[in-house]
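Before any comments, here is the structure.
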Amino acid sequence: MNFDLQELSGTFSVTDVVAAMALSFILSTMIGYVYRYTHRNVSYSQSYVQTLVIVGMIVALIMLVVGSNLARAFSLVGALSVVRFRNAVKETRDVGFIFLAMAVGMAAGARFYTLAAVAAVVISVVIVVMYKFDWFALNVQRQVVKVQVPAGEDYSADIRDVLIRYTTEFELVSTETIRGGALTEVFYTVRLKKGTEPSDLVTALQERTSGQRVTVLTGYDTTDL
């Protein structure tokens, strides 16, 4: 029985393979460092950044395999369609980095080396500039103010005066009695004016409420005096 084995790697040279793999590795690594540098939240994952590098190189390899052969391209699509990923991407920004690594890998694998290098550098610079200058930031953070006042006394006017001075907007959420009716606890949602610290609001409210307990809850910490 005779087997006719056909070597297909002649469609690209060893130099093409080395260049595509090396360039995709270098550019994907650069993208990984840009991601790490511009990451803001606590959900940073080392494995995710390593995956960016791996994805870039794998996509470059796939592009070398596919080349200009349409039948091979459809075969790979069918083979890869059985892969299922169950890990949810924590941030929409992470998806952008995945697509960037894939695009760079595609360009390197298709032997568009200049395009891959220029695109990776330009997009990385744009990402760093957006990070440095905090583009499109919108401060919509609201605080919750909890004020305790002696029961039977009306401090609402005094509290409103302080809130008007230190906040751009406020809204009464609830009023309830605590400690067997000895105290009244009032909840407001507020948005502090620019440059105003929660401690400033706490101090001003305590001056109007006979030193009673005031709590300001923010998205990051609690100022409780």
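Position 1 is the first residue of the sequence, and the numbers go up from there.
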(request) Dump the intermediate steps for side-chain contact (heavy atoms from CB on, under 4.5 Å) on Tyr188 and Ile159, then the final yes or no. (result) CA-CA 10 Å; Tyr188 289 88; Ile159 295 174; 3.7 Å; yes

(request) Could you point out which residue of Leu100, Val34, Ile98, Asp94 forms a side-chain contact (heavy atoms from CB on, under 4.5 Å) with Leu52? (result) Ile98

(message) For residues Leu27 and Tyr33: do they belong to one hydrophobic cluster (side chain heavy atoms under 4.5 Å, members Ile, Leu, Val, Met, Phe, Trp, Tyr)?
(response) no

(request) Mark yes or no for whether Asp158, through its side chain, and Tyr155, through its backbone, hold a donor-acceptor pair below 3.5 Å. (result) no

(message) Would you say Ser13 and Asp16 are linked by a side-chain donor-acceptor pair, where the criterion is simply a distance under 3.5 Å?
(response) yes

(message) Counting only heavy atoms from other residues, nucleotides and ligands, does the tally under 6.0 Å from CZ of Phe112 exceed 12?
(response) no

(request) Output, in order, the C-alpha distance, side-chain angles, deciding distance and verdict of side-chain contact (heavy atoms from CB on, under 4.5 Å) for Arg93 and Ile127. (result) CA-CA 10 Å; Arg93 180 174 173 273; Ile127 293 171; 4.2 Å; yes

(request) Give a yes or no on this: more than 12 heavy atoms of other residues, nucleotides or ligands lie within 6.0 Å of atom CD of Glu176. (result) yes

(request) Indicate yes or no for a side-chain donor-acceptor contact from Thr168 to the backbone of Arg191 under 3.5 Å, with no hydrogens or angles considered. (result) yes

(message) Is there a side-chain contact (heavy atoms from CB on, under 4.5 Å) between Leu163 and Leu201? Walk through the geometry before answering.
(response) CA-CA 8 Å; Leu163 294 180; Leu201 178 60; 4.0 Å; yes

(message) Using 0.5 Å steps for rounding, measure from the NZ atom of Lys193 to the CZ atom of Arg165.
(response) 9.0 Å

(request) Could you state whether Ile26 and Val18 fall into the same hydrophobic cluster, counting links through intermediate Ile, Leu, Val, Met, Phe, Trp or Tyr residues with side-chain heavy atoms under 4.5 angstrom apart? (result) no

(request) Grab the two heavy atoms, one from Val59 and one from Met102, that are nearest each other, plus how far apart they are. (result) CG1-O, 3.4 Å

(message) How close do Ser124 and Ile31 get, counting heavy atoms only, and between which atoms?
(response) OG-CG1, 4.3 Å

(message) Would you say the ring centers of Phe97 and Tyr48 fall short of 6.0 Å from each other?
(response) no

(message) If hydrophobic clusters are built from ILVMFWY residues whose side chains come within less than 4.5 Å, do Leu115 and Val126 share one?
(response) no

(request) Drop me the distance from Gln212's CD to Glu153's CD, to the nearest 0.5 angstrom. (result) 9.0 Å

(message) Quick check against the 3.5 Å criterion: does Ser28 have a side-chain atom that pairs as donor or acceptor with the backbone of Phe25?
(response) no

(request) Consider only side-chain heavy atoms of I, L, V, M, F, W and Y, link residues closer than 4.5 Å, and tell whether Ile178 and Val216 are in one cluster. (result) no

(request) Identify the two heavy atoms, one from Val104 and one from Ala120, that lie closest to each other, and give their separation to 0.1 Å. (result) CG2-CB, 3.8 Å

(message) Using 0.5 Å steps for rounding, measure from the CD atom of Gln143 to the CG atom of Leu192.
(response) 4.0 Å

(message) Can you tell me how far apart OG1 (Thr167) and CD (Glu169) are? Round to the nearest 0.5 Å.
(response) 8.0 Å

(request) Report the distance from atom CD1 of Ile54 to atom OG of Ser24, rounding to the nearest 0.5 Å. (result) 12.0 Å

(request) Quick one: pull up CG in Leu23 and CE in Met21 and give me the separation to the nearest 0.5 Å. (result) 10.0 Å

(message) Please give me the minimum heavy-atom distance between Tyr166 and Ala204, naming the atom from each residue.
(response) CE1-CB, 3.4 Å

(request) Treating Ile, Leu, Val, Met, Phe, Trp and Tyr as nodes and any side-chain heavy-atom pair under 4.5 angstrom as an edge, say whether Leu183 and Val173 lie in one connected cluster. (result) no

(message) Looking at Tyr131, is its backbone amide N or carbonyl O close enough to the side chain of Arg40 to form a donor-acceptor pair, meaning the two atoms are under 3.5 Å apart?
(response) yes

